[in-house]
2 protein chains.
Amino acid sequence: MTSDVPSPRDEPVTLAAIAARAGVHVSTVSRALTPGANGVSPATAQRIRALAAELGYQRDPAATTLRTGRSSIFGVLVPRLTDFVLARIYEGLDAAAARHGYNTFVANTTDDPALRRERLEELLARRVAGIVLGDARLDGDDLVKILARRNIPYVLVSRRLTGHLSVTTDDLLGGRLAAEHLLQLGHHCVGVAAGEPYASTGVERTTGFVRRYAEAGFPLPPEYVLPSRFDTAGGHAAGAALLDLDPRPTAIFAVNDTAAIGVIGALREHGLRPGSDVAVVGYNDIPVAADMPVPLTTVHSPMFEMGQQAMGLLIDRLHGRRVRSKRLRPHLIARDSTLGD
Amino acid sequence: MTSDVPSPRDEPVTLAAIAARAGVHVSTVSRALTPGANGVSPATAQRIRALAAELGYQRDPAATTLRTGRSSIFGVLVPRLTDFVLARIYEGLDAAAARHGYNTFVANTTDDPALRRERLEELLARRVAGIVLGDARLDGDDLVKILARRNIPYVLVSRRLTGHLSVTTDDLLGGRLAAEHLLQLGHHCVGVAAGEPYASTGVERTTGFVRRYAEAGFPLPPEYVLPSRFDTAGGHAAGAALLDLDPRPTAIFAVNDTAAIGVIGALREHGLRPGSDVAVVGYNDIPVAADMPVPLTTVHSPMFEMGQQAMGLLIDRLHGRRVRSKRLRPHLIARDSTLGD
DNA sequence: TGGTGTCGCGCAAACGTTTGTGTAACCTCG
DNA sequence: CGAGGTTACACAAACGTTTGCGCGACACCA
């Protein structure tokens with residue numbers, strides 16, 4: 001029962017407590033414990049640090065924030081963490097933040113404009129050091145305007161917005177890769193589950209795809225490009241609609257894997273098999289894609305790295321370093337959902 | 001350009017600012033803005049509240065926490081948010097917390113004892129109002145001991161620990177349901193991807209399953225019950241090992257859906273089809289389960305509700321109300337991965 | 001040796017809030 | 001009408017930290 005943990009009984013271990021025991025002023029302790037130490041001799045600094053470690057001192061974040069007006073927290077806004085892609089990106093963000101001594105505070109916005117506005121205000125009230133926006137909107141995003149106006153450091157991730165710092169995959173290229181693959185397999189009548197119109201991911205993947213098909217001499221009729229929610233149900237609905245078209249598409253590109261699985265569900269309801277009857281291509285390469293009964297052809301994107309790099313850029317920006325947006329390179333992984341078995 | 005948002009230029013709107021404009025003392029403003037208002041006349045309270053609203057006042061959480069020693073944040077510890085089940089539970093937790101005016105602060109622990117210990121200390125340093133533990137361990141969990149010893153309000157979710165407040169599904173029953181289903185289909189030689197030995201979820205689902213089979217007169221040989229990680233890769237590995245047994249099991253129960261999909265991947269590598277060649281049962285009913293090329297038979301568990309109820313219990317406990325652990329009722333959903341097509 | 005510079009540390013104020021205590025003014029009632 | 005009680009507010013301290021300022025002590029150099 002020896003206390004490896006500071007015992008709960010004694011008075012809280014604050015700067016003052018350490019100062020008392022060390023026989024110095026509290027301000028000296030504060031300086032000794034601050035990495036950019038100045039105005040304190042190496043000897044006493046060492047002594048104080050040892051004492052602090054021994055007592056298990058932990059800086060009170062509330063007091064620090066109150067005094068400095070800044071906290072060591074980054075706010076993260078995402079549509080929803082149940083989307084594997086965002087959850088994985090968040091892990092990357094958090095890991096990178098931790099490496100630099102920061103924490104992250106994440107909030108789901110469900111892509112609801114009012115809610116994200118509200119959540120942002122909460123984050124700002126907590127004096128976050130910066131904001132990671134995972135739910136940027138193409139339809140006149142007011143959040144980025146607020147951030148820019150108030151001069152809050154921020155970075156976009158996953159979704160792009162011209163004129164704003166971001167880390168994404170090269171979605172135009174990703175879309176082209178999907179198209180290229182299906183063209184090579186001889187598909188000329190294809191459909192797209194295009195995602196939400198306010199998300200650059202869906203829009204650009206679709207654009208890249210459609211352009212490549214147009215270049216190949218097979219422009220897609222508008223009704224073969226359907227907006228869709230990003231979840232399984234959304235993909236299912238879009239897939240069902242696409243399969244009812246005449247002529248029926250021989251291949252379907254869904255702008256994310258979860259929706260692609262929904263499309264596969266719709267195929268089943270039509271008595272069709274993915275790969276052999278209708279080719280299906282997804283996007284992101286989430287882990288389940290490879291292990292499904294019919295493995296999913298998909299465009300692999302480095303989600304964890306995307307998160308890490310976004311956080312890296314944000315921290316660089318915070319330190320006044322010059323930063324530039326990044327587009328990570330995706331690549332296609334062909335599996336049975338297009339190759340057949 | 002009229003400011004719907006408090007313009008950034010002016011001095012920050014604090015209690016003092018409101019007090020000055022209202023011609024009262026700051027303490028009066030504080031009391032007027034506190035729900036359990038006392039010692040302030042209804043008239044001035046109303047006047048102050050109107051003024052606060054007009055100025056867009058937001059209470060500074062750092063100052064409040066510093067003064068009161070408590071924040072309006074609940075800490076949430078989960079193994080990883082990329083696990084859909086935990087992400088969904090978290091959404092339930094957060095939604096319920098928001099309804100009561102609280103925020104949540106979530107941290108991934110990757111089931112690493114050292115890391116979760118570290119994360120917990122960070123949360124406690126932030127003076128969280130309570131802790132939700134989503135990664136309780138059966139192998140002598142030191143975190144719950146710390147929480148109990150320091151008298152921090154907490155609740156377990158997803159995983160159980162006898163003697164500690166928790167909200168889970170009835171995993172013993174869930175395991176039985178899976179067994180019952182496979183027995184009815186005539187499977188007598190079955191395998192289990194049992195999950196991590198330190199997680200009550202996997203252990204109890206396995207126990208329920210194994211017991212039912214023993215009762216039916218088909219006790220499982222130990223080598224047919226394999227520990228496994230909870231992710232797709234873990235399920236894949238366990239599945240591959242089970243399929244190499246002689247005699248080969250005609251059905252496999254995986255204690256969560258993600259692992260079940262991994263098992264399906266292993267089946268494919270063996271040239272086997274789920275449902276027709278080997279039956280597969282998962283657990284949780286994550287959304288993709290229903291839409292896979294061969295839809296997955298699984299035990300549905302109410303993840304969102306689990307989160308909501310856990311948070312509800314924690315808040316009740318905080319308010320000194322008597323609370324009891326809950327086990328939510330799961331039910332089996334039969335699909336093609338056991339019924340064939 | 002005296003003037004100048006640097007170093008190490010103490011002092012005190014401030015961040016915005018909550019809350020116990022003090023104190024006028026008012027109401028009530030015998 | 002005066003004693004006792006209540007109401008409505010002001011006052012001030014405190015939470016733990018950071019940081020500009022001041023002041024001795026010491027070193028250095030001419």
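Labels below follow one simple rule: chain letters A, B, ... track the order of the sequence lines, proteins then strands, and each chain is numbered from 1.
- With sequence neighbours excluded, the residues that form a side chain to side chain contact (heavy atoms under 4.5 Å, CB included) with A:Leu138 are A:Leu161, A:Ser200, A:Val203.
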For nucleotides 10-16 of chain D, 5' to 3', base contacts (B), sugar-phosphate-only contacts (S) and non-contacts (-) with protein non-hydrogen atoms under 4.0 Å give BBBBBBB
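- Judged as a ring pair (Phe, Tyr, Trp, His ring centres under 6.0 Å), and not counting sequence neighbours, the contacts of B:Phe105 are A:Phe105.
- Residue pairs satisfying the side-chain hydrogen bond (donor to acceptor under 3.5 Å, both in side chains) criterion with at least one member in residues 72-86 of chain A, sequence neighbours excluded, are listed as follows: A:Thr82-B:Glu91.
- The phosphate of C:dC9 has OP1 or OP2 within less than 4.0 Å of a side-chain N or O from A:Thr44.
- Here the C1' atom of nucleotide D:dA8 and the CZ atom of B:Arg47 are 12 Å apart, to the nearest Å.
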Contacts under 3.5 angstrom, residues 21-28 of chain A side chains, donor-acceptor by atom type, not counting sequence neighbours:
{"residue": "A:His25", "atom": "ND1", "partner": "A:Ser27", "partner atom": "N", "Å": "3.0"}
{"residue": "A:His25", "atom": "ND1", "partner": "A:Ser27", "partner atom": "OG", "Å": "3.0"}

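- For B:Thr109 (side chain) and B:Arg116 (main-chain N/O), no donor-acceptor pair under 3.5 Å exists by modelled atom type.
- Counting to the nearest Å, the P atom of C:dT19 and the CZ atom of B:Arg70 are 13 Å from each other.
- OP1 or OP2 of D:dC9 lies within a sub-4.0 Å distance of a side-chain N or O belonging to B:Ser41.
- Looking at residues two or more places apart in sequence or on another chain, you find no ring pair (Phe, Tyr, Trp, His ring centres under 6.0 Å) involving B:Tyr90.
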